[in-house]
A.B. asks: 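Take a look at the following structure, please.
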Number of protein chains: 2
Amino acid sequence: MDGHVTIKTIAKNTNFSLTTVSRVLNGTSEKHRISKTTQKIILEEAKKLGYIPNMAAKTLRSNRSHTVGLIVPSLSNPFFSIVASTVSKMLHNQGYVVLMSDSDNNEKEERKMLQALQAQNLVGLIAIPLGKRQNYELLNQSTIPTVFIDRFFSDFSFYSVSTDHYKSSFQLVEHLIEMGHRKIACIQGDEHVVSNTYRVDGYREALKVHGLTYQYLGGVSFTEEEGYLETKLLLQKKDRPTAILALSDTILLGVLKALKEAKISVPEEVSVVSFDNSSYLDFLEVPVTSIAQPITQIAQLAVRLLLEQIDDRGLSYREESERIILLDSTLIFRSSVADLRNR
Amino acid sequence: MDGHVTIKTIAKNTNFSLTTVSRVLNGTSEKHRISKTTQKIILEEAKKLGYIPNMAAKTLRSNRSHTVGLIVPSLSNPFFSIVASTVSKMLHNQGYVVLMSDSDNNEKEERKMLQALQAQNLVGLIAIPLGKRQNYELLNQSTIPTVFIDRFFSDFSFYSVSTDHYKSSFQLVEHLIEMGHRKIACIQGDEHVVSNTYRVDGYREALKVHGLTYQYLGGVSFTEEEGYLETKLLLQKKDRPTAILALSDTILLGVLKALKEAKISVPEEVSVVSFDNSSYLDFLEVPVTSIAQPITQIAQLAVRLLLEQIDDRGLSYREESERIILLDSTLIFRSSVADLRNR
DNA sequence: GTGAAAGCGCTAACAA
DNA sequence: TTGTTAGCGCTTTCAC
């Protein structure tokens, strides 16, 4: 017998039964009034042998895994990786183990991962879904407590936690308008993603409320390349905007690249604002005004809601207004917006 | 009976034995010459019932989990999150499930996580360890195939894959020297981390080879705050450097902040170079020359080595030269280095 | 206070 | 080509 230690080994060595060993090792000693001496003997033997419980056995027997699934569109996106980092840390602190899946922005992959996760007797799932609801429909019927982050499907029974994208976007555009901008273009990410569409809605609404007619919407994905290409296209137009709203910092970098190539100065000729507030925004050639999402707050809240559900096992019906939680963002002013009010 | 489907359900419904069902569902039909008809019946029933295998049972029975552990110092660091992203994707493609742990740059957490992971019957582990070897010593005795990324312990029997930090650093410093710099300061990260110490070694060696005596080494962690503080301190000195080597992009941001506050212009007054080559470097006030690590290559190689080990189950002895794999980096030239040769 | 025994869902000898 | 059976490590009734 090599280093393979089970409760059986411990039982044999200490002459106690499997039951007793199991109880001691699981902290249910009190409940069964197991003597201090016994506890000590067993605990010491376990330590001496370097006993490590077999989770598969525990899970199989108890049908409860202590494993939480986490599925994100792409870890290489800083927003998602910070969420993942916070979520995983909090969950670990609560004694859970985290199964991480990177769906690589691919619906098919996401589907596969969701299936793989289901096989793992998860006690809960935190998901930043891709755009389409379909993949999550099976889940919606199941009893696995689930919390969505950043994106959601309005008729699902799960909680979701995200920034109030609509409001944030509205504010951001309103700021531009207050600064005298009348022609504002928007470069979006993936239009299947609710967080994106809400931002677009906010953009449109702000224009409308202020009676502006100029409107330009481009872009198909949250990437630097797209930001670059869309800006190139935008600059072809004869009626150029005075401000560009980039719906993510990745897009922003592309926008800046195109602007630089065209030797258009920011903010003198074109103002620029973005979503995400990455730490490097302060150090760009011209620091960019941006919406800061309360990332850790979002992650923390999501974990709390998940744990609550896991604990009371009750997926009781909740009103939509209660299920969809929107947090306020912060507008960080920097120097990428020109003041056009005196011109 | 609610939606709880096991092979037993399928066996009952189709009047085949558990064995046959198990075989069909595991793709070992061929080996046992199970008839096409039987296969079809079972497969269809499984599909109809939405059968999802219970991994805990599989794992317990076969003592083989298809789960790979991944432990990283912090997902909020882009370098690590890109590694994690690539690793997790590749592993998923091979049918593995990834247990992710963020050790939060904390030795104690790392230890806990390593223990938690051991309980999961992992078939393999990929780790970006924190500095200290101690936590991994238990592992070194075990038979879990392990591959280290970025950092390693020289007398361990595991593979490790990383950039050739020493060489990269040497090159970078040599570049500064070639540009006429004679006083080069270095701001490091955590000195317990091999990747850091090798970079420092490269720095020192380059100075030595070129007979330079000015040397300045500061810093204790890979953070923006540290970069900032250390630069503040550095600027107090009466004998200022003409160039600063930041051992990461996070440190770099801090350096730039301090420089800006002190109204010291880059590169006219002080040149700056860094490690990591984050995508935003191009867009900084002055684009920063930097070492680009072959991140995805590293991740891919690590996964390949892990899978190899898992497959032949042989942790045969390997020479150190064979185990520690160093990849070349690329020096990306931008405009943060002043040419001092004519001055 | 402690123990015996059943069984979670699945796989793999061994049999037929 | 298919089936019987034992058992992976653990928890949990039920019993004493």
Side-chain angles (χ1 to χ4, degrees), chain A residues 1-43 45-46 49-67 118-123, chain B residues 1-43 45-46 49-67 118-123:
Chain A
M1 190 65 91
D2 55 348
H4 191 52
V5 181
T6 72
I7 54 171
K8 209 167 160 186
T9 329
I10 298 176
K12 211 170 281 167
N13 288 4
T14 59
N15 283 322
F16 284 105
S17 71
L18 288 177
T19 319
T20 306
V21 174
S22 168
R23 283 173 180 152
V24 171
L25 262 24
N26 283 294
T28 43
S29 313
E30 298 313 312
K31 219 166 80 190
H32 296 276
R33 304 147 169 279
I34 292 172
S35 76
K36 287 281 170 213
T37 344
T38 308
Q39 291 189 40
K40 209 179 144 206
I41 295 173
I42 293 176
L43 254 12
E45 185 67 15
L49 298 180
Y51 169 72
I52 291 178
N54 183 322
M55 285 306 163
K58 268 191 188 297
T59 301
L60 176 58
R61 179 56 233 234
S62 59
N63 199 23
R64 222 162 162 285
S65 74
H66 264 216
T67 304
Q118 296 222 50
Q120 306 285 333
N121 305 66
L122 297 185
V123 289
Chain B
M1 191 64 90
D2 55 348
H4 191 53
V5 180
T6 72
I7 54 171
K8 210 167 160 185
T9 329
I10 298 175
K12 211 170 281 168
N13 288 5
T14 59
N15 282 322
F16 284 106
S17 72
L18 287 178
T19 319
T20 306
V21 174
S22 168
R23 282 172 180 154
V24 171
L25 262 24
N26 283 292
T28 44
S29 314
E30 298 311 311
K31 221 167 79 190
H32 296 275
R33 303 146 169 278
I34 292 171
S35 77
K36 287 282 170 211
T37 343
T38 308
Q39 291 189 40
K40 209 179 145 207
I41 295 173
I42 292 177
L43 254 12
E45 185 67 15
L49 299 179
Y51 168 72
I52 290 178
N54 182 323
M55 284 305 163
K58 267 191 184 325
T59 300
L60 176 58
R61 177 59 233 230
S62 59
N63 199 21
R64 214 153 172 292
S65 72
H66 263 215
T67 303
Q118 295 222 53
Q120 306 284 334
N121 306 65
L122 297 185
V123 289

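Below, chain A is the first sequence line, B the second, and so on; all start at residue 1.
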A.B. asks: Of all of residues 10-21 of chain B, which get a heavy atom below 4.0 angstrom from DNA chain C, listed by number?
C.D. replies: B:Thr19
A.B. asks: Let me know, please, whether B:Ile34 or A:Ser22 comes out on the 5' side of the other along DNA chain D by nearest nucleotide.
C.D. replies: B:Ile34
A.B. asks: For B:Arg61 and for B:His32, locate the closest nucleotide of DNA chain C by heavy-atom distance; then report the residue assigned to the nucleotide nearer the 5' terminus.
C.D. replies: B:Arg61
A.B. asks: With each end axis built from five pairs of C1' atoms, what bend angle do you get for the helix from C:dG1-D:dC16 to C:dA16-D:dT1? Round to 10°.
C.D. replies: 30°
A.B. asks: Examine distances only and state if a side-chain atom of B:Ser17 and a backbone atom of B:Thr20 form a donor-acceptor pair shorter than 3.5 Å.
C.D. replies: yes
A.B. asks: Determine whether a donor-acceptor pair (one donor, one acceptor, N or O, separation below 3.5 Å) exists between the side chain of A:Arg23 and the base of C:dG1.
C.D. replies: no
A.B. asks: Between which nucleotides of DNA chain D, read 5' to 3', does contact with chain A run, using atoms under 4.0 Å from its heavy atoms?
C.D. replies: D:dG9 to D:dC14
A.B. asks: I need the CG-C1' distance between B:Asn26 and C:dA12, as an integer number of Å.
C.D. replies: 11 Å
A.B. asks: Reckon B:Thr6 touches a base, only the sugar-phosphate, or nothing at all at heavy-atom distances under 4.0 Å?
C.D. replies: sugar-phosphate
A.B. asks: Rounded off to whole Å, could you give me the CG-to-C1' distance for the B:Asn63 and C:dA12 pair?
C.D. replies: 14 Å
A.B. asks: Could you go through A:Ile34 and A:Ile42, starting from their C-alpha distance and side-chain angles, then the distance that decides it, and tell me whether this counts as side chain to side chain contact (heavy atoms under 4.5 Å, CB included)?
C.D. replies: CA-CA 11 Å; A:Ile34 292 172; A:Ile42 293 176; 5.9 Å; no
A.B. asks: To the nearest Å, give me how far apart CG (A:Asn54) and C1' (C:dC10) are.
C.D. replies: 14 Å
A.B. asks: Which whole-number value in Å describes the distance from B:His4 NE2 to C:dC10 C1'?
C.D. replies: 12 Å
A.B. asks: Relative to the 5' end of DNA chain D, which residue comes earlier, B:Thr38 or B:Ala57, by the nucleotide with the nearest heavy atom?
C.D. replies: B:Thr38
